[in-house]
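Per chain, numbering begins at 1; letters A, B, ... match sequence-line order.
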Protein chains: 2
Amino acid sequence: MSRKTFQRLALDERRQSLMEATLTCVARHGLDGTTVRRITEEAGVTPGLVRHYFGSKDELIKNAYAYLIGQLTARASESADTGEDGPPAAQQLRQFLLGNLTSPNLSEDKVSLWATFIGQIRHDPFFAEIHREGYREFLEFLERLVEGVLIDHGLPHRGPQCRRHAIAINGLIDGLWMEGSLNSGLYNRAILPDLAIEATERLLGLPAGALGTAGPAPHAPASQLQEEIAPCAMPE
Amino acid sequence: MSRKTFQRLALDERRQSLMEATLTCVARHGLDGTTVRRITEEAGVTPGLVRHYFGSKDELIKNAYAYLIGQLTARASESADTGEDGPPAAQQLRQFLLGNLTSPNLSEDKVSLWATFIGQIRHDPFFAEIHREGYREFLEFLERLVEGVLIDHGLPHRGPQCRRHAIAINGLIDGLWMEGSLNSGLYNRAILPDLAIEATERLLGLPAGALGTAGPAPHAPASQLQEEIAPCAMPE
DNA sequence: CCTACTGTTATACGCACGAATAATTTATGG
DNA sequence: CCATAAATTATTCGTGCGTATAACAGTAGG
């Protein structure tokens, strides 16, 4: 009986591969269905490696959560490119909303993962800390976008007011993202981007169309209705 | 060694007691930490009863979820009493917002339970069905409230428009409810009710104060702050 | 080419789980 | 007050889990 042949991987590659396999398992089978054996099978290795790289299953799962949140917030921020000579604030905010309410962020997998881990916040301060950090980053980023838009429109933009607006818009995004990802079928979720943009304009007191209400995006073609694919897309 | 003395309970009482013990366990230990032995210990009975009343642990958990959602939606609807001679629509909507963004609905336990089960939707159509029904009920109720308010203010209230408004406000409530319940400490969650009311006024295009922005509720005293304080903890 | 190192596999152990079955107690109706 | 059914307990069984340990194999330096 011969041993399995294997490949030595760099430390970070192996760790990353195990974390991604973990997220795949949690998304596919839930936390309770995620076992060390399944994770390592998904990653194509044997169970012993979990101990070798993370010490325990719990540690692996915590690291996988931090990895996921890092990806989510990074992608959310990237969608609105705030460069030195970036687009005007209104368009940045618009892209931010779009980025959160279309594929790939609007995904049943992602919201499922996200919710599963939220359920752990109460039982382990580590999860709470990761969540808090991600939320803070998201909120502050949004607050800066809001401030820029208000300035451009000559509206009052003192600190507390911007923060209140950011909290409300963030709530709106979160709620729509969740229900849209779960896709209960009560409405076509393709309406969400427009709906969020219009709602944001009203929340900020902007004139209708200030964020470019019509159509999905300046450069994208009109047919966005096509259902996004990616049934089992792993976080890359 | 003598046997444990026990009490015969009516079928529904026993079932309910087991479902509540299940929710307690899930909230306290997560789904993966919820075992038949723990559930029945919490309920003060022996593990055999799970099989007797629900057939299996999985069935028990599904029933517990349905029970939870039933409670949540019922309480949400009750908070705005829509009787024959109930209060004006604006106050009903206001109470609805308040009911969802103050204790006891704004609770870490509840959002933790809720998220845990959301994570199961993808793996079992039963959970998806329960969620869909609860969401539909919530949304339709909200839509009716919105319609009433728009009519009272002489604003356009055709069907599609009301629905869009309801979707947005529902998203807002969901998002604020979640982050507020998790209480990451980035802001005092006592500001949420006012914030939501103001945001809803803007979303619907109502004049400021139309929903009664000042103070928590007509009958409640001004000091609502006394509850959980948790002042803005400064991360870093 | 050898040797030391460590990433990786293979195997085993102890434990807690869900479920099934048997024994016993409570309630009910004539 | 007894007989009978149903509710509840007590115990057992097999399984899969997380983890620990030892054997093996790929890799690098001399």
Side-chain angles (χ1 to χ4, degrees), chain A residues 1-26 28-65 116 120 123-124 126-127, chain B residues 1-26 28-65 116 120 123-124 126-127:
Chain A
M1 179 153 107
S2 74
R3 269 198 172 216
K4 182 177 169 187
T5 70
F6 61 90
Q7 197 181 0
R8 282 173 103 103
L9 247 56
L11 187 139
D12 282 346
E13 290 178 69
R14 186 62 86 195
R15 284 177 62 89
Q16 184 173 331
S17 127
L18 280 170
M19 291 187 294
E20 283 170 358
T22 302
L23 294 180
T24 301
C25 277
V26 174
R28 200 176 289 162
H29 306 106
L31 243 193
D32 49 325
T34 296
T35 69
V36 169
R37 286 168 173 85
R38 259 214 266 253
I39 293 171
T40 51
E41 184 188 8
E42 173 74 27
V45 296
T46 50
L49 281 201
V50 166
R51 177 177 164 77
H52 189 261
Y53 280 101
F54 293 92
S56 75
K57 179 196 180 188
D58 274 0
E59 258 342 278
L60 167 56
I61 288 183
K62 286 182 192 173
N63 279 274
Y65 176 52
T116 300
Q120 295 297 306
H123 318 119
D124 192 320
F126 179 88
F127 288 96
Chain B
M1 170 159 142
S2 72
R3 264 194 175 218
K4 183 177 169 187
T5 70
F6 62 91
Q7 197 181 0
R8 281 171 103 105
L9 248 57
L11 187 140
D12 283 346
E13 290 178 68
R14 187 62 85 195
R15 284 177 62 90
Q16 184 173 333
S17 127
L18 280 171
M19 290 187 294
E20 282 170 357
T22 302
L23 294 181
T24 301
C25 277
V26 174
R28 200 175 289 161
H29 306 107
L31 244 193
D32 50 324
T34 296
T35 69
V36 169
R37 286 169 171 85
R38 260 215 267 252
I39 293 170
T40 52
E41 185 188 7
E42 173 73 28
V45 295
T46 50
L49 281 200
V50 166
R51 178 176 162 78
H52 189 261
Y53 279 101
F54 294 92
S56 74
K57 178 197 179 188
D58 274 1
E59 270 324 293
L60 167 56
I61 288 184
K62 286 181 191 172
N63 279 275
Y65 176 52
T116 300
Q120 296 296 307
H123 319 119
D124 192 319
F126 179 88
F127 288 96

Chemist: Please determine if a side-chain N or O atom of A:Arg14 lies less than 4.0 Å away from the OP1 or OP2 oxygen of C:dT8.
Modeler: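 Yes.
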Chemist: Return the CG to OH distance between A:Leu18 and A:Tyr53, rounded to the nearest 0.5 Å.
Modeler: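 Output value for this atom pair is 8.0 Å.
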Chemist: With side chain to side chain donor-acceptor pair (under 3.5 Å) as the rule and sequence neighbours excluded, what pairs involving residues 33-47 of chain B come up?
Modeler: B:Arg28-B:Glu42
Chemist: Please name all residues satisfying salt bridge (charged side-chain N to carboxylate O under 4.0 Å, His left out) with A:Asp124, sequence neighbours left out, ordered by chain then number.
Modeler: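 For A:Asp124, the residues satisfying salt bridge (charged side-chain N to carboxylate O under 4.0 Å, His left out) (neighbours in sequence not counted) are A:Lys62.
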Chemist: Can you tell me how far apart CD1 (A:Ile39) and CG (A:Leu49) are? Round to the nearest 0.5 Å.
Modeler: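 One finds 12.0 Å between CD1 of A:Ile39 and CG of A:Leu49.
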Chemist: After noting the C-alpha distance and the side-chain angles of B:Val45 and B:Arg14, does the key distance pass the side-chain contact (heavy atoms from CB on, under 4.5 Å) rule?
Modeler: CA-CA 10 Å; B:Val45 295; B:Arg14 187 62 85 195; 3.4 Å; yes
Chemist: Shortest non-hydrogen contact from B:Met19 to B:Asn63?
Modeler: SD-O, 3.6 Å
Chemist: Looking at C:dT9, D:dC17, C:dC17, which one has an atom nearest to any side-chain atom of A:Val45?
Modeler: C:dT9
Chemist: Of all of residues 15-22 of chain B, which get a heavy atom below 4.0 angstrom from DNA chain C, listed by number?
Modeler: none
Chemist: A:Ile39 has an atom CD1; how far is it from atom C1' of D:dT19, in whole Å?
Modeler: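 Taking atom C1' of D:dT19 as the reference, CD1 of A:Ile39 is at 14 Å.
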Chemist: If I take atom CG in residue A:Asp32 and atom C1' in nucleotide D:dT15, what distance separates them, rounded to the nearest angstrom?
Modeler: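 For the pair A:Asp32 CG and D:dT15 C1', the rounded distance is 17 Å.
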Chemist: May I have all residue pairs that pass salt bridge (charged side-chain N to carboxylate O under 4.0 Å, His left out) and include part of residues 46-56 of chain B, sequence neighbours excluded?
Modeler: none
Chemist: Rounding to a whole Å, what distance do you find between B:Arg37:CZ and D:dA10:P?
Modeler: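 Checked: the CZ to P distance equals 14 Å.
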Chemist: Please report the distance, rounded to the nearest Å, between NE2 in A:His29 and P in D:dC17.
Modeler: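 Answer to the nearest Å: 11 Å.
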Chemist: What is the nucleic acid contact for B:Thr34, judged by heavy atoms within less than 4.0 Å: base, sugar-phosphate only, or nothing?
Modeler: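 Counting heavy atoms under 4.0 Å across all strands, the contact made by B:Thr34 is with sugar-phosphate only.
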Chemist: Using a heavy-atom distance cut-off of less than 4.0 Å, which residues of residues 46-61 of chain B contact DNA chain D?
Modeler: B:Thr46, B:Gly48, B:Leu49, B:His52, B:Tyr53
Chemist: Who pairs with B:Gln16 by side-chain hydrogen bond (donor to acceptor under 3.5 Å, both in side chains), at least two apart in sequence or on another chain?
Modeler: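 So B:Gln16 forms a side-chain hydrogen bond (donor to acceptor under 3.5 Å, both in side chains) with B:Glu20, B:Tyr67.
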